[in-house]
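Starting from 1, each residue takes its place in the sequence as its number.
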Amino acid sequence: MGTELLRPLQGLLSERSCLLVSVALLNSLFSVLAAVALHDLGCLVLHCPRQAFCAALLFCLSPANVFLAAGYSEALFAFLTFSAMGQLERGRGWASGLLFALAAGVRSNGLVSVGFLLHSQCRGFCSSLVVLDPLKGLVKLMASLCLSVLTVSLPFALFQYYAYTQFCFPGSAHAIPEPLLRLASDRGYRLAGDYEPPWCSRAPPLIYSYIQDVYWNVGLLRYYELRQVPNFLLATPVTVLVVWATWTYVTAHPWLCLTLGLQRTKDRESLEKPHPGFLSAKVFVYLVHAAALLAFGGLCMHVQVLTRLLGSSTPITYWFPAYLLQDREPLLRCVDTAPQKLLENSPPGQKAPRNCVMKLLYNWKTCSPVTKCILVYFLTYWLLGLIMHCNFLPWT
């Protein structure tokens, strides 16, 4: 399909180059759509358009930017995941479940997103206990929970079944193209039909966990070696960001966290006037999702992958920095009350831009230390990722 779209350039580019260009263009499109979906989600959850817009701008400077443009699945996954979250916030459970299922088919960590559906259904059950028969409501809840799990996990299960039919049934493998055969020979990969691999006799027979174990050495605490210290350092900024976000939210809403977000607060007044922005009660489930991904990734994965894992999976990595910029940065706090200050500090002959990130860059010298740290992290990883990954150097 990519070569067909770029047919006019085939005289200048090889087929491989056309495919690479088409992948980059397609992922760039999905990245833009993901940014739009993130902004829409932020408006629904944060009830603070300015903070939602700032988070979408930070997504455009994502530390995982190179993986959102290169031939990886992160851009499509982010678009599907953020869109699914937005549909769920609008109360469209079926549309949300379908999008979460598609996201899980793109990347396996999308299976964790079933927690959003489960939490939404449990919250609806708790709020309806007053008007419905508890036993009838509980049966309906259990049926909904099971259906949600089956829906989201179906694409993953279908892929595992397909792999089982290819590798575990004699003579069922399809013909493999010559380029892939050469690649398999160079990398030492096992070909379908050679002999039955050991994972076929396991229960359940999952090729995914077998590949992670044998070829990538992924497992609990396996990556905790002295030689991996540089990779841990690469993952430190995003780890600090999510841990800081969790601590900030838990200390601000201890009762909400203790009740798992099912009972928002003891105080009826604060229930009627919810916190806008990152401290909104709706953010709780997103924070749990981010913390779960961080814990699993930090203990069981190659930790340098945390940057792109969290950057393409959870809005927390953009909502919390946007909250910090708005809360800790005087230039953004006073933007509505004293706009002349920004105009005075702007370069001669230029007006202060509406883009909050550009405002901060124009006024770099007067920015707070927290603002400088956030901008340096996003811009440095954005630039280094493009330089190092494109030159086949180690990156996240």
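The closest donor-acceptor contact from the side chain of T366 to the backbone of N363 lies under 3.5 Å. Proximity of a side-chain donor or acceptor of N391 to a complementary backbone N or O of L393 within less than 3.5 Å is not detected. The backbone N or O of A78 lies less than 3.5 Å from no partner atom in the side chain of T81, so there is not a single donor-acceptor pair. A donor-acceptor pair is defined here as one N or O able to donate and one able to accept, closer than 3.5 Å; no such pair exists between the side chain of S280 and the backbone of G277. Judged by distance alone, with hydrogens and angles left aside, the side-chain atoms of N27 form no donor-acceptor pair with the main-chain N or O of L68 at under 3.5 Å.
You'll find the side chain of W199 reaches within 4.5 Å of the side chain of Y164, heavy atoms only. In this structure, the side chains of Y377 and P321 stay at 4.5 Å or more apart for every pair of heavy atoms. Under the 4.5 Å side-chain criterion, counting only non-hydrogen atoms from C-beta, S96 is not in contact with M85. Between P155 and L102 there is no side-chain heavy-atom pair separated by less than 4.5 Å. You'll find the side chain of L25 stays beyond 4.5 Å of the side chain of S22, heavy atoms only. Side-chain contact between V218 and Y223 is absent, with no heavy-atom pair separated by less than 4.5 Å. The side-chain heavy atoms of N109 and L309, taken from C-beta on, include a pair separated by under 4.5 Å. Between S148 and L118, some side-chain heavy-atom pair lies under the 4.5 Å cut-off.
Between H389 and F67, the gap from one ring centroid to the other is short of 6.0 Å. Ring to ring, F232 and Y224 are close: their centroids are under 6.0 angstrom apart. Y286 has its ring centre less than 6.0 Å from the ring centre of F116. The ring of W395 has its center closer than 6.0 angstrom to the ring center of Y381.
Listed here is the closest heavy atom pair of S83 and A37: OG-CB, 3.7 Å. Nearest heavy-atom pair across T317 and F378 is O-CZ, 3.7 Å. Between Q87 and A95, the shortest heavy-atom distance links the atoms OE1-CB, 3.9 Å. Scanning all heavy atoms of the two residues, the minimum distance from L331 to C367 falls at CD1-SG, 4.3 Å. Scanning all heavy atoms of the two residues, the minimum distance from T314 to A290 falls at OG1-CB, 3.5 Å.
In this structure, L99 CG and S113 OG are separated by 11.0 Å, a value rounded to the nearest 0.5 Å. Expressed to the nearest 0.5 Å, how far CG of L234 lies from CD of Q228 amounts to 11.0 Å. A distance of 6.5 Å separates OG in S313 from CG in L310, rounded to the nearest 0.5 Å. Rounding to the nearest 0.5 Å places CD of Q212 at 10.0 Å from SG of C300. In this structure, CH2 in W382 is found 11.0 Å from SG in C60, a value given to the nearest 0.5 Å. How far CG of L58 is from CD1 of I374: 7.5 Å, rounded to the nearest 0.5 Å.
Environment of CE in M388: crowded, with over 12 heavy atoms of neighbouring residues, nucleotides or ligands closer than 6.0 Å. No more than 12 heavy atoms of other residues, nucleotides or ligands lie within 6.0 Å of CH2 in W216, so this atom counts as exposed by the packing criterion.
Transitive grouping of hydrophobic side chains (ILVMFWY, heavy atoms separated by less than 4.5 Å) brings V242 and V45 into a common cluster. Linking Ile, Leu, Val, Met, Phe, Trp and Tyr whenever their side-chain heavy atoms come within less than 4.5 Å leaves F79 and L38 in two separate clusters. By the criterion of side-chain heavy atoms lying less than 4.5 angstrom apart, applied directly or through intervening Ile, Leu, Val, Met, Phe, Trp or Tyr residues, V112 is not grouped with L98; the two fall into different hydrophobic clusters. Both I387 and Y72 are part of a single hydrophobic cluster, where members link through side-chain heavy atoms under 4.5 Å apart. Residues L150 and L141 fall into different hydrophobic clusters, defined by Ile, Leu, Val, Met, Phe, Trp and Tyr side chains chained together at heavy-atom separations under 4.5 Å.
The aromatic rings of Y318 and F59 stand perpendicular to each other, their planes meeting at an angle above 60°, with 30° marking the opposite boundary.
Under the 2.5 Å SG-SG cutoff, C54 and C356 do not qualify as a close cysteine pair.
At a cut-off of 3.5 Å, with distance as the only test, a side-chain donor of E329 or T371 sits close to an acceptor on the other residue. For R107 and S73, the side-chain atoms include at least one donor-acceptor pair closer than 3.5 Å.
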